Number of protein chains: 2
Amino acid sequence: MEARHLRYALALAAHGHFGRAAHALGIAQPPLSKQIADLEREIGARLFDRTRQGVFPTAAGEAFLARARRALEEMTAATVDAGRAARGETGRLRLGFIASALLDPLPDVLGRFGRERPDVRLELHEMASGRSATALIAGELDVAVTLGPPRGAGAEHLVSVPIGHDHLIAVVSSAHPYAGQASVSVDQLRRQPLIVAAGEDEPAVTAGLRTLLGEDTAALDGATVARDVHTIIGLAACGVGVGLGPSRMLSVPRPGIRFCEVTPRTALPDLVLSFADRDRSPVLSAFLDIVRNNCPDVGAALDRRLGHTRVGDSCAKQP
Amino acid sequence: MEARHLRYALALAAHGHFGRAAHALGIAQPPLSKQIADLEREIGARLFDRTRQGVFPTAAGEAFLARARRALEEMTAATVDAGRAARGETGRLRLGFIASALLDPLPDVLGRFGRERPDVRLELHEMASGRSATALIAGELDVAVTLGPPRGAGAEHLVSVPIGHDHLIAVVSSAHPYAGQASVSVDQLRRQPLIVAAGEDEPAVTAGLRTLLGEDTAALDGATVARDVHTIIGLAACGVGVGLGPSRMLSVPRPGIRFCEVTPRTALPDLVLSFADRDRSPVLSAFLDIVRNNCPDVGAALDRRLGHTRVGDSCAKQP
DNA sequence: GCCTGGCGATACTTTGCAGGTATGAAAGGG
DNA sequence: CCCTTTCATACCTGCAAAGTATCGCCAGGC
């Protein structure tokens, strides 16, 4: 049975007349008679009563037509849904991100994306950079925002572009001795309990801190390890010690705390956006477009990485 | 788009390999490639990613395949449903019947029918014979059980067979003077208030009573008209008068009442089953089969009426 | 590095069937 | 009783689906 048979049967039922139904279908009457006859033979039951007063569906015909209508609806919906998915209007985007990214670039990007693509399901997974990288390589994520570019087995199949620079700053309670200072030195830091958000899953940050503090591993090893920047700020506000985190923290001012620069100024690993280089998903491409529009320099970096293979070509029509 | 395209796309997705999918479909590989290419061109989007590791649906492909699966399911369901409807396993039977038919033939017939055809929706409409007849002619009923064969415009297109004979009996309260009698005479009836269930919608019964009681129209005109036999019995039990009704009433014995024959014995119009002679609905034919099996003489009458045009031929396969 | 094998795409041929034209058969209506 | 209407049948044509042969491409192995 072919879709043609369904269309013909529905037209015949709608017009109640072979000649008019055939005309509406743009074919002659005999082919319609034959197709209906073929259909009835295949079904093994008469679907239409041919009377002088017109052609009417039998009970079997009514049952058939109800299903036929739904089948054709599904078929047109298949085309529509596929088109929407191809244009990235529907689908899913699994994003892994480091918590601090929620401070600066993500709110804008996710807001725009949600507004532009309301029917795309955004799956947001806050995780450390190392876990994002492995999940991305394993195909469990579509995009990742990490501190520093992903490393390790499989990372060569990822495209990574920096989407934000950062340097280290300190945060202390307003009551802290350093609270009035514009900046704190490395020596001052060594003399205080530290609060950092750098475990084994954030190798780039850990390495940066180690370089800054020199061989004095004691200061770092004794530091309180927080899971994210909000915890750093919270602990610092309690006076537990000096919090060390990305300058992105400045975007969340809060009473009872003070921020200080760290001298010497210490660059942190870039905030990096990564995705599989084979991934031509239109949803991903829409996401990248938004990231591109959000910060022009990122767009340039993206274009450099992707060369002339524009993401999104996969849904282009043939000439 | 044709159903073929859906089947091919699903096979390709299932096998992840053009060659094997084509083999499973019983065609060669190039036609499959072409059909998939045609489909993708029609949709305007690539549905499958051809990689070294295999052929995988894109996001658009996944959306398409989900709908395609449902469309094909609807199509097979269309065949199945049509077949069941053609065999009379599903559908609807609208039956109009006179209330007294519920005393004798209907309980058996409806019980069997419900057991044999559990998926047929039985629509039961208790109504007077006249209304049944007009509803049947208007196509609002499929079968009718009436007192006497339907008459009037359009009745010639109905097939009617008697399914039960009846004669008039009387019913009185146990306290009634006639209660001890085996039978009551016409003279005795004329001397008592009567209770009958014969209005203008039951012309055959009214005519029968008028013949019995002769020119003394007063007895009949003054009679209480009940809507059904149960009301006749109820009123008679209250001592309101002498109830006159079909002998079928005997099948509902009840304390506090007595039944008496009426002399002379007076035949009532036959209980008649009617349906449109053009109606070849398999559900109707199944219903008639049950009626036929329930009482052999009815079967013979049915066969005589229908001649060699067996009901149910409409769903026979061509040779 | 080159060969080889596997896979999908392409080119060309064949064929089956959808669709067109002409006509027949049956049943109402004037 | 003929004529019209309507669906079915017969036969022909052309397109497109399927088949055959081959190409191009990439990967993996010697």
Side-chain angles (χ1 to χ4, degrees), chain A residues 1-43 45-58 61 154 156-157 277-278 280 309 313-314 316-319, chain B residues 1-42 46-58 61 154 156-157 277-278 280 309 313-314 316-319:
Chain A
M1 192 193 314
E2 286 299 328
R4 181 184 51 254
H5 295 115
L6 310 188
R7 286 188 282 264
Y8 288 9
L10 287 173
L12 180 55
H15 290 87
H17 188 284
F18 274 81
R20 282 192 285 278
H23 181 75
L25 289 166
I27 64 173
Q29 170 260 318
L32 177 59
S33 284
K34 183 177 185 302
Q35 293 299 316
I36 296 292
D38 288 350
L39 178 61
E40 289 178 328
R41 187 154 29 80
E42 181 178 348
I43 300 282
R46 189 142 270 245
L47 298 179
F48 292 95
D49 270 337
R50 286 81 158 165
T51 74
R52 295 301 122 191
Q53 291 72 37
V55 179
F56 303 97
T58 61
E156 64 275 13
H157 296 125
D277 59 358
R278 311 293 291 268
R280 292 285 173 278
T309 313
D313 275 359
S314 61
K317 297 195 181 189
Q318 335 285 1
Chain B
M1 193 193 313
E2 286 298 329
R4 180 183 51 254
H5 295 115
L6 310 188
R7 287 189 281 264
Y8 288 7
L10 286 173
L12 181 55
H15 290 88
H17 187 284
F18 274 81
R20 281 192 286 279
H23 182 75
L25 289 166
I27 63 173
Q29 170 259 316
L32 177 58
S33 284
K34 183 176 186 303
Q35 292 299 315
I36 296 292
D38 288 350
L39 178 62
E40 287 178 329
R41 187 155 31 79
E42 181 178 348
R46 189 142 270 244
L47 299 178
F48 292 96
D49 270 337
R50 286 81 156 165
T51 74
R52 297 297 125 192
Q53 291 72 37
V55 179
F56 302 98
T58 61
E156 64 275 13
H157 295 125
D277 59 357
R278 312 293 291 267
R280 292 284 173 278
T309 314
D313 276 359
S314 60
K317 298 196 181 187
Q318 334 288 4

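Chain naming here is simple, since letters A, B, ... match the order of the sequence lines and numbering starts at 1 in each. Note that the structure is predicted; figures quoted are calculated from it, not measured.
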Practice task
Specify the separation, in whole Å, of atom CZ of F56(A) and atom P of dT6(D).
Solution key: 13 Å

Exercise for the section: Please state how far atom CD in E40(A) lies from atom C1' in dC7(D), giving the value in whole angstrom units. Expected result: 12 Å

Fill in the blank from the handout: Applying side-chain contact (heavy atoms from CB on, under 4.5 Å) to P30(A) and not counting sequence neighbours gives A28(A)

Just list the side-chain donor-acceptor pairs under 3.5 Å for residues 15-27 of chain B, sequence neighbours left out, or say none.
{"from": "H15(B)", "atom 1": "ND1", "to": "A11(B)", "atom 2": "O", "distance (Å)": "3.0"}
{"from": "H17(B)", "atom 1": "ND1", "to": "G19(B)", "atom 2": "N", "distance (Å)": "3.1"}
{"from": "H17(B)", "atom 1": "ND1", "to": "R20(B)", "atom 2": "N", "distance (Å)": "3.0"}

Exercise for the section: Would you kindly give the CZ-to-P distance between R7(B) and dA17(D), to the nearest whole Å? Expected result: 13 Å

Practice task
Give a yes/no answer on whether the side chain of S33(B) brings an N or O atom under 4.0 Å of OP1 or OP2 in dA9(C).
Solution key: yes

Practice task
To the nearest 0.5 Å, tell me how far T51(B) OG1 sits from R278(A) CZ.
Solution key: 7.0 Å

Handout entry: Nucleic acid contacts of residues 11-20 of chain B, taken as heavy-atom distances under 4.0 Å to DNA chain C
Key = H17(B), F18(B), G19(B)

Problem - Rounded distance in Å - CD1 (I36(B)) to P (dT10(C)) - result: 14 Å

Fill in the blank from the handout: note: D38(A), atom CG; dA8(D), atom C1'; distance rounded to Å ~ 13 Å

Exercise for the section: State which residues pass side-chain contact (heavy atoms from CB on, under 4.5 Å) with E156(B); sequence neighbours excluded, sorted by chain then number. Expected result: none

Exercise for the section: Could you tell me whether the side chain of R41(B) reaches within less than 4.5 Å of the side chain of D38(B), counting heavy atoms only? Expected result: yes

Practice task
List in chain and number order the residues that pass salt bridge (Lys or Arg N to Asp or Glu O under 4.0 Å) with R7(B), two or more places apart in sequence or in another chain; answer none if no residue qualifies.
Solution key: E2(A)

Fill in the blank from the handout: Protein heavy-atom contacts under 4.0 Å, written 5' to 3' over nucleotides 18-30 of chain D as B (base), S (sugar-phosphate only) or - (none), form the string BBBB----SS---

Problem - Spacing of F48(A) atom CZ relative to dC7(D) atom C1', expressed in whole Å - result: 14 Å

Practice task
Taking only the side-chain nitrogens and oxygens of R50(A), find out if one of them lies under 4.0 Å from OP1 or OP2 of dT6(D).
Solution key: no

Handout entry: Pairing residues for R4(B) by the side-chain hydrogen bond (donor to acceptor under 3.5 Å, both in side chains) criterion, not counting sequence neighbours
Key = Q35(B)

Exercise for the section: Answer yes or no: is there a side-chain heavy-atom contact under 4.5 Å between F48(B) and I36(B)? Expected result: yes

Exercise for the section: Scan residues 22-32 of chain B for pairs that pass salt bridge (charged side-chain N to carboxylate O under 4.0 Å, His left out), counting only residues two or more places apart or in two chains. Expected result: none

Practice task
Please state how far atom CZ in R278(B) lies from atom C1' in dA27(C), giving the value in whole angstrom units.
Solution key: 11 Å

Handout entry: Between dC17(C) (P) and R41(A) (CZ): distance, integer Å
Key = 11 Å

